[in-house]
2 protein chains.
Amino acid sequence: MTTPDIWFTLYSLARKGALHRSITITTSELGGVLGISQQTASRRISYCVDEGFVARTHTAAGMLLQITERGRRELSEVLGELEIAFVPPGDEIVIRGSVTHGLGEGAYYVEVYATRFREALGFLPFSGTLNVIIREEESRKATTRMRQSPPLIVHGFSYEGRTFGDVICYRVKVDNAVEGAVVIAQRTHHSENTLEVIAPYDLREKLGLEDEDIVELTVIPLHMAT
Amino acid sequence: MTTPDIWFTLYSLARKGALHRSITITTSELGGVLGISQQTASRRISYCVDEGFVARTHTAAGMLLQITERGRRELSEVLGELEIAFVPPGDEIVIRGSVTHGLGEGAYYVEVYATRFREALGFLPFSGTLNVIIREEESRKATTRMRQSPPLIVHGFSYEGRTFGDVICYRVKVDNAVEGAVVIAQRTHHSENTLEVIAPYDLREKLGLEDEDIVELTVIPLHMAT
DNA sequence: ATTACTAAGACACGAGTAT
DNA sequence: TATACTCGTGTCTTAGTAA
């Protein structure tokens, strides 16, 4: 089974709502949707189940199918790429999100990584991060777009007996005013829906931001970064 | 050549920027991207060209390929469906756009169709339309989402020797405050990027809207409409 | 009813090669 | 060098049918 066929299968299931709940469907029905026979539909689904894209439970009247996390990621990747492809070149990618408070850990890490951030980014970051919650849609676009530009990687190191992992940075402009960077720690299973932003200044103060305020992060292509 | 293969081909070309400009590529390269041989890539492209999805010019060093309007629509359709599929069920679809002034024709048409709108929508529209410019991305989502709900169709008629065509209506809530409808005339080649909104009141006055103000149109599923 | 196995057939693929 | 043709090969599909 080829990639396009997998995508097409997942796409068709997604359109029926299988991203959010189990759907009941027979192989014949699915065959109809995909324009293939019942037998082939059966094999396709078995394949998707084997590969972990779809979860299946058999019932008397067909199958219960739901797209798994793996399948969702696969589709989300395609969707993100397509969304980016449709953006006219030169257009800026803007991620909108709302300010939230982190766990307070950010400041500690920023201080530890401070000089390394300066080397990579050209500025000494304020010792605190601005946490920004983004909607899944924005998140998808953000991560896809960011992945397109070669990342600035701040390599890990050891310090006072502790190990600090790699951190990936992407340059952004905050509210079109302050240049900063989104930092993504590789080791932590960071929530995909929260971005941590560092900048030379205290962003909350400089931009007068409060929790739940909306901020715009404009992704700066690496070759344009200062 | 099957639908998924066409999509995959268009998708791969789109990722290389072929939605916005001609790209230079050889069949071998394309084969590499698609995971198929040079020969098969050649056949795939020829097929896409024959079907009008892709425009091709041969050059000494390969081909110049650009996705046609037809191809763009095909991909846009897929993208729209995927975007909708990812929206959690129950979530409202919100279209954001900015107010603009129309050509002034709107008022005339609204008056002519007025009683018919009342029958279909349950309110007598203010004799003027609010024109809203939307970005392509929003447009895609809007049209896809709207197409999902069976449209309210106001049938055409003749009046004073003129023929007035069908008009399709979709219920929306403007700025979460006023219920109205997006109206799309079937006969005119209306710009996909401008929506015309009617409501029981003068929206500009009621909501204090000026040109270039941002408005939110929340699409109301038909079964929920009052 | 379903899903899914088997086997025969269709057709897509790619090596070789023409242009 | 390209693209694209022919054709042998192999894979994927489907009909029939079992479970």
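Partners of S28(A) according to the side chain to side chain donor-acceptor pair (under 3.5 Å) rule, which considers only residues two or more places apart in sequence or in another chain, do not exist here. Take E83(A) and apply the salt bridge (Lys or Arg N to Asp or Glu O under 4.0 Å) test, not counting sequence neighbours, and it matches R140(A). Take R96(B) and apply the side chain to side chain donor-acceptor pair (under 3.5 Å) test, not counting sequence neighbours, and it matches E216(B). Listed by chain and residue number, nothing satisfies the salt bridge (Lys or Arg N to Asp or Glu O under 4.0 Å) test with E29(B) (two or more places apart in sequence, or in another chain). Residues satisfying the side chain to side chain donor-acceptor pair (under 3.5 Å) criterion with Q38(A), sequence neighbours excluded, are T27(A). Partners of D175(A) according to the side chain to side chain donor-acceptor pair (under 3.5 Å) rule, which considers only residues two or more places apart in sequence or in another chain, do not exist here. With sequence neighbours left out, the salt bridge (Lys or Arg N to Asp or Glu O under 4.0 Å) criterion links R44(A) to D5(A).
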Worked check of ring pair (Phe, Tyr, Trp, His ring centres under 6.0 Å) between F8(A) and F8(B): CA-CA 9 Å; F8(A) 192 48; F8(B) 192 47; over 10 Å; no
Summary of protein contacts for nucleotides 14-19 of chain D, nucleotide by nucleotide, where a base hit scores B, a sugar-phosphate-only hit scores S (4.0 Å, heavy atoms): BBB---
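Across all strands, S42(B) comes closer than 4.0 Å to base atoms (heavy-atom distances).
One can place CD1 of I45(A) at 17 Å from C1' of dT13(D), the figure rounded to the nearest angstrom. Between the C1' atom of dA1(C) and the CD atom of E29(A) lies a distance of 13 Å, rounded to the nearest Å. dT13(D) atom P lies 13 Å from atom CG of L30(A), rounded to whole Å. With rounding to whole Å, M1(B) atom CE is found 13 Å from dG14(C) atom P. dC12(D) atom C1' lies 14 Å from atom CD1 of I6(A), rounded to whole Å.
Phosphate proximity of dA4(D) to R56(B): present, with a side-chain N or O under 4.0 Å from OP1 or OP2. OP1 or OP2 of dT3(D) sits under 4.0 Å from a side-chain N or O of T27(B). Between S46(A) and the phosphate of dA4(C), there is a side-chain N or O to OP1/OP2 separation shorter than 4.0 Å. Taking only side-chain nitrogens and oxygens, R44(A) never comes nearer than 4.0 Å to OP1 or OP2 of dC12(D).
Pairs of residues two or more places apart, or lying in two chains, never qualify as salt bridge (Lys or Arg N to Asp or Glu O under 4.0 Å) while including a residue from residues 47-57 of chain A. For residues 11-55 of chain A, the ring pair (Phe, Tyr, Trp, His ring centres under 6.0 Å) pairs, not counting sequence neighbours, are Y11(A)-W7(B).
Pairing each heavy atom of C169(B) with each of A181(B), the nearest pair is CB-CB, 4.5 Å.
Within residues 57-68 of chain A, no residue has any heavy atom closer than 4.0 Å to DNA chain D.
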Pairs under 3.5 Å (N/O, protein and nucleotides 8-10 of chain C):
none

